[in-house]
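Predicted, not measured: the structure shown is a model, and the values here were computed from it. In what follows, chains are A, B, ... by sequence order, proteins preceding strands, each numbered from 1.
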Number of protein chains: 2
Amino acid sequence: MSRAPTRTPDPGWTDPECPVARALDLVGDRWSLLVVRDAMDGARSFTEFQRRTGIARNILSDRLRKLTAHGLLAQRAAPSGRRQEYVLTEAGHDLFPVVLALRQWGERHAFAPGEAHSTLVDRHGAPVPEFAPTGSDGTPLDAGTTRVRKIR
Amino acid sequence: MSRAPTRTPDPGWTDPECPVARALDLVGDRWSLLVVRDAMDGARSFTEFQRRTGIARNILSDRLRKLTAHGLLAQRAAPSGRRQEYVLTEAGHDLFPVVLALRQWGERHAFAPGEAHSTLVDRHGAPVPEFAPTGSDGTPLDAGTTRVRKIR
DNA sequence: GCATGATGGTTTCGATTCGCAACTCACTGG
DNA sequence: CCAGTGAGTTGCGAATCGAAACCATCATGC
């Protein structure tokens, strides 16, 4: 069975022409991005996801099923054993910028000054630098310097 | 009063030491980020948010209250008139990278090839370039080249 | 000065979703 | 053969959501 790309996965998007809204229809709940976060950090099995997130088992079951159905996770046989495991697809892996942006926003705005939190480091242990959008000329972009162009 | 430096929005975070989880506790639902998106695109009034998102009025009322309580939106008197309006605070404004990352992910993975969608352009009308994280040495970063360092 | 219509919500209430706990099923090590 | 673990499913009460109705405050038309 060929994996058809995306053939209207749901009967109706919240806002069909906005990519932000479509993305949120797929991962815009309390748990999906935490599952993706843990998958990026090495979680593979149902129990491991459950242990890391603390999510209720029936909800985890539902989220794993939905993320799989939407093509963010794939189920495959574990290499060293007969059990199944969940791995990120390319689309799931590609959520890295979203998770990183959320992480850095959280570090800046959801912790009291000096309050301890986990951080993201590169393979040498150095902190990941600030992740900020820039225009083609290198100037920083924000909501004031951009606008949404609606479809024609 | 007793407004301590810590906001303490809820009795307990989902995962207190993870900035991703704290960020999702604040904006990780289907609607909050769409409200922020529209605020970034110029929405100011209750009715305007309602018209753009299509959210139920009671839920919008709740989200505006929570976003305000968490310091992402502020209410102030409209300049031309005596009605109130909602504007992004610095923390809300600072969600721009999150919304942009979601937008670009949505464009790549939630639309069929060739399917029309709105896009983000700069003040000259040029499309915003790809927003991808890089390490301090300029190499691209992803989940494979980074890891979470837990707090000591 | 009173009907009419926005604006900015709140209330009501049925439907949906959540989350805890208990249960099942498959397999596995002793 | 039995205990234990992984991977879910089921049942059920509690919390949340959403559509529609309702309410209060202004502003305008007349």
Within this structure, what is the [atom1]-to-[atom2] distance between [X] and [N], rounded to whole angstrom?
X	N	atom1	atom2	value
Glu85(B)	dA6(C)	CD	P	21 Å
Phe49(A)	dG6(D)	CZ	C1'	14 Å
Leu64(A)	dT9(D)	CG	P	10 Å
Lys66(B)	dC17(D)	NZ	P	6 Å
Glu48(A)	dT5(D)	CD	P	16 Å
Ile55(A)	dA7(D)	CD1	C1'	15 Å
Asp62(A)	dT16(C)	CG	C1'	12 Å
Phe46(B)	dT25(D)	CZ	P	17 Å

Indicate whether OP1 or OP2 belonging to [N] is found under 4.0 Å from a side-chain N or O atom of [X].
X	N	result
Ser61(B)	dG9(C)	no
Tyr86(B)	dG9(C)	yes
Trp31(A)	dC18(C)	no
Arg51(B)	dT7(C)	no
Thr47(B)	dG8(C)	yes
Arg65(B)	dT10(C)	yes

(Q) Just checking Phe131(B) against Phe131(A), ring centres under 6.0 Å apart? (A)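 Aromatic pair counts; centres sit under 6.0 Å.
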Q) Within 45° of the six-membered ring axis of Phe111(B) and under 6.0 Å from that ring's centre, is NZ or CZ of Arg22(A) located there? A) yes
(Q) Under a 4.0 Å threshold between the charged nitrogen and the carboxylate oxygen, would Asp94(B) count as salt-bridged to Arg108(A)? (A)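 Here Arg108(A) pairs with Asp94(B) in a salt bridge, since their nearest N and O are under 4.0 Å apart.
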Q: Decide if atom CZ of Arg30(A) counts as having more than 12 heavy atoms of other residues, nucleotides or ligands within a radius under 6.0 Å.
A: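 Check fails, neighbour count at 12 or below.
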Q. If you round to the nearest 0.5 Å, how far is CD1 of Ile55(B) from CG of Asp62(B)?
A. 8.5 Å
Q: With the side chain of Ile59(A) defined as its heavy atoms from C-beta on, choose the nearest nucleotide among dA19(D), dG8(C), dG19(C).
A: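 Given the options dA19(D), dG8(C), dG19(C), the side chain of Ile59(A) is closest to dG19(C).
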**Q.** Proximity to the side chain of Asn58(A) - top-ranked nucleotide from dC17(D), dA7(D), dT10(D)
**A.**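 From the listed options, dT10(D) comes nearest.
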Q: Scan Arg30(A) against the nucleic acid and name what it touches under 4.0 Å (heavy atoms): base, sugar-phosphate only, or nothing.
A: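 The answer is nothing, as Arg30(A) stays clear of every strand by at least 4.0 Å.
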Q: May I ask you to verify whether the side chain of Arg57(A) and the base of dA7(D) hold a donor-acceptor pair under 3.5 Å?
A: yes
